[in-house]
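A short worksheet on the structure shown next.
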Amino acid sequence: VSFFASVEMAPGDPILGLTETYLADSRPGKINLGVGIYIDEQGRFPLLPSVCEVEQALAAAAKPRGYLPIDGMPAYNRLTQQLVFGAGSPLLAAGRVATAQTVGGSGALRVAADLLKQVAGAGAKIAISNPSWGNHHVVFRTAGFELLEYRYYDPASHGLDFAGMLEDLGKLEPGTVVLLHACCHNPTGVDLDTAQWQQLIALLQERRLLPFVDMAYQGFAQGADVDATGVRLLAASGIEAFVVANSYSKSFSLYGERVGALSMVGADRDEAARLLSKIKQTIRANYSSPSTHGASLVAGVLGSTELRARWEQELGEMRSRIHAMRAGFVDKLAALGAPDFGFINRQAGMFSYSGLSKAQVHRLRDEYAIYALDSGRICVAALNRSNLDIVAAAVAAVSG
Ligand code: LMR
């Protein structure tokens with residue numbers, strides 16, 4: 001009998017597993033609106049010109065590859081701190097932020113989850129928005145957290161249930177970790193405005209909850225700085241401790257390079273130093289140290305005034321194209337006489353929580369070869385002028 005005879009088949013991942021099904025689908029004209037990726041007008045992942053320029057310079061001066069430090073490339077970490085917290089952040093000047101390069105945003109979540117579990121011990125609890133990105137639950141459950149939910153999305157208005165959110169968070173035990181999406185909430189596309197962030201932060205502070213901000217889509221709602229409003233307000237609030245995971249997968253279109261970072265804010269320089277030592281210990285136990293290439297690309301862009309400005313422009317072009325696709329989709333659906341989808345214009349980022357039922361999503365897949373998540377989440381960043389009419393006609397047909 002094989003040692004592995006008792007191993008059971010694990011279920012496929014609801015997002016990446018769907019991409020596997022999509023790739024195996026032999027129907028011509030199939031469309032993948034399942035996974036959160038930005039696809040350009042030509043139907044391709046963009047290679048940003050700013051990134052390409054750094055890549056060419058790196059290739060021209062190819063260097064041997066030693067190990068990076070456990071916490072990653074120092075320039076990358078410094079530039080990441082500036083992008084996330086703002087270049088003039090008093091937190092950075094005070095040395096209160098411990099940042100490490102991680103294997104994508106998921107790597108940051110996982111390292112933080114392991115470390116926070118060590119700190120919180122047997123009673124570790126995390127509150128996650130209902131709904132949220134499915135992997136949030138998986139990562140924190142695997143790290144040994146008890147998962148709690150707070151209200152977030154109001155299906156009736158297709159908007160935020162802010163009163164419900166505050167009520168649920170107000171009941172949490174002190175010390176509970178609260179997972180927040182910085183912007184472009186995944187899967188709903190529904191974000192907090194500045195006044196709501198302020199109210200939320202006051203509650204987190206009063207209840208002594210630990211804010212944990214996941215920023216996977218910085219720049220996809222309104223711009224790199226505005227999208228970090230929640231982080232900047234937390235930094236200004238006087239809260240002693242909070243955590244930020246950020247990713248460059250989307251903002252630099254570097255999905256496969258796995259470039260992200262974990263930043264943990266402590267009460268003072270000494271606490272941040274101890275946090276960094278623990279982050280390094282956790283990374284070493286998981287994957288030893290991160291890889292060089294993606295971080296070199298990001299650091300090369302962010303470290304050059306000229307390339308950084310170009311990158312912000314390229315990011316702005318992706319953002320504008322998504323806005324145009326949202327508007328075009330809504331108009332097209334209205335012209336086809338579908339029920340009102342105007343709320344899609346009010347949602348931010350790559351996703352729209354379309355309100356389509358699981359049965360309707362399955363009809364899209366089976367009858368039209370259009371892939372969306374069972375929750376009804378569609379990736380509007382994968383729409384373009386060639387597939388917009390096809391998708392709108394199919395959505396109108398299944399929702400009519
Ligand atoms: C998504 O939500 O589709 C993306 O964040 C990709 C992923 O890893 O799930």
Side-chain angles (χ1 to χ4, degrees), residues 31-33 35-63 65 68 72-84 86-87 101-105 182-184 215-228 246-261 290-328 348-351 379-388:
I31 298 170
N32 190 4
L33 306 179
V35 67
I37 48 180
Y38 176 92
I39 301 290
D40 66 14
E41 268 307 308
Q42 285 69 45
R44 296 178 309 222
F45 285 102
L47 174 58
L48 301 186
S50 56
V51 170
C52 196
E53 188 164 323
V54 176
E55 182 134 53
Q56 282 166 355
L58 288 173
K63 291 198 193 104
R65 312 288 152 96
L68 284 180
M73 191 176 290
Y76 172 93
N77 289 337
R78 183 173 42 78
L79 292 160
T80 294
Q81 289 185 333
Q82 291 172 4
L83 189 71
V84 171
Q101 177 190 337
T102 54
V103 182
C183 59
C184 310
M215 184 151 63
Y217 300 90
Q218 188 177 8
F220 273 87
Q222 299 183 64
D225 280 321
V226 181
D227 290 0
N246 79 292
S247 166
Y248 295 110
S249 294
K250 282 86 176 170
S251 55
F252 278 73
S253 190
L254 282 173
Y255 303 84
E257 292 293 350
R258 313 306 298 130
V259 267
S291 56
T292 49
H293 191 65
S296 306
L297 297 175
V298 171
V301 172
L302 292 181
S304 148
T305 312
E306 190 225 320
L307 290 177
R308 175 168 171 160
R310 269 171 47 197
W311 166 69
E312 294 227 23
Q313 197 184 331
E314 290 155 9
L315 185 57
E317 283 160 18
M318 292 196 274
R319 187 166 64 238
S320 309
R321 207 192 68 79
I322 298 175
H323 288 155
M325 287 304 110
R326 284 185 183 276
M350 285 196 170
F351 302 117
C379 178
V380 286
L383 292 174
N384 58 40
R385 293 197 193 283
S386 315
N387 65 25
L388 188 69

- [ ] Mind running side-chain contact (heavy atoms from CB on, under 4.5 Å) on Arg44 and Ile39 for me, showing each step along the way?
- [x] CA-CA 5 Å; Arg44 296 178 309 222; Ile39 301 290; 5.6 Å; no
Task: Name of the residue among Tyr217, Tyr76, Tyr255 meeting ring-ring contact (aromatic ring centres under 6.0 Å, His included) with Tyr248 - done: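 Of all the options given, the one that passes is Tyr76.
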Does [Y] offer a backbone N or O that forms a donor-acceptor pair with the side chain of [X] under 3.5 Å?
X      : Y      : result
Asp227 : Gln222 : yes
Gln101 : Ser291 : yes
Asn387 : Ala382 : yes
Trp311 : Val298 : no
Glu41  : Asn384 : no

Distance check, rounded to the nearest 0.5 Å: [X] atom [atom1] versus [Y] atom [atom2]?
X      : Y      : atom1 : atom2 : value
Glu53  : Leu297 : CD    : CG    : 12.0 Å
Leu48  : Ser253 : CG    : OG    : 5.5 Å
Ser247 : Arg258 : OG    : CZ    : 6.5 Å
Ser296 : Leu68  : OG    : CG    : 7.0 Å
Leu302 : Thr80  : CG    : OG1   : 6.5 Å

Residue pair [X] / [Y]: nearest heavy atoms and the distance that separates them:
X      : Y      : value
Ala381 : Ile322 : CB-CD1, 3.8 Å
Pro46  : Met318 : CG-SD, 4.2 Å
Thr292 : Arg65  : OG1-CD, 3.9 Å
Ser50  : Glu314 : OG-OE1, 2.6 Å
Ala224 : Leu83  : CB-CD1, 4.4 Å
Gly36  : Met350 : C-SD, 3.8 Å

Open item on the list: Checking Asp225 now: which residues fulfil side-chain hydrogen bond (donor to acceptor under 3.5 Å, both in side chains) with it, not counting sequence neighbours?
Closed with: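 Arg232.
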Task: Arg326: salt bridge (charged side-chain N to carboxylate O under 4.0 Å, His left out) partners, not counting sequence neighbours - done: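 Per chain and number, Arg326 pairs via salt bridge (charged side-chain N to carboxylate O under 4.0 Å, His left out) with no residue.
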TODO: Quick one: list whatever passes salt bridge (charged side-chain N to carboxylate O under 4.0 Å, His left out) with Glu312, sequence neighbours left out.
DONE: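 Salt bridge (charged side-chain N to carboxylate O under 4.0 Å, His left out) check on Glu312 returns Arg308.
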Open item on the list: I'd like to know whether Phe45 forms a side-chain contact (heavy atoms from CB on, under 4.5 Å) with Ile37, so could you lay out the CA-CA distance, the side-chain angles of the two residues, the decisive distance to 0.1 Å, and finally the verdict.
Closed with: CA-CA 8 Å; Phe45 285 102; Ile37 48 180; 3.7 Å; yes
- [ ] Could you go through the salt bridge (Lys or Arg N to Asp or Glu O under 4.0 Å) check for Glu317 and Arg321 one step at a time?
- [x] CA-CA 6 Å; Glu317 283 160 18; Arg321 207 192 68 79; over 6 Å; no
Open item on the list: Can you classify the ring geometry of Tyr38 versus Phe220 as parallel (below 30°), tilted (30 to 60°) or perpendicular (above 60°)?
Closed with: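 If you compare the ring of Tyr38 with that of Phe220, the planes turn out tilted.
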Task: Chi angles and distances behind the side-chain contact (heavy atoms from CB on, under 4.5 Å) call for Leu58, Glu55 - done: CA-CA 5 Å; Leu58 288 173; Glu55 182 134 53; 5.5 Å; no
Open item on the list: Quiz question: by atom type and distance under 3.5 Å, do the side chains of Gln218 and Ser251 form a donor-acceptor pair?
Closed with: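 Checked: Gln218/Ser251 side chains show no N/O donor-acceptor pair below 3.5 Å.
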Open item on the list: Do Phe351 and Cys379 make a side-chain contact, defined as non-hydrogen atoms from C-beta onward lying under 4.5 Å apart?
Closed with: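 Side chain of Phe351 against side chain of Cys379, heavy atoms only: contact under 4.5 Å found.
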Open item on the list: Using the rule given for side-chain contact (heavy atoms from CB on, under 4.5 Å), can you reason through Phe252 versus Val301, listing the C-alpha separation, both sets of side-chain angles and the distance that settles it, and then say yes or no?
Closed with: CA-CA 10 Å; Phe252 278 73; Val301 172; 3.7 Å; yes
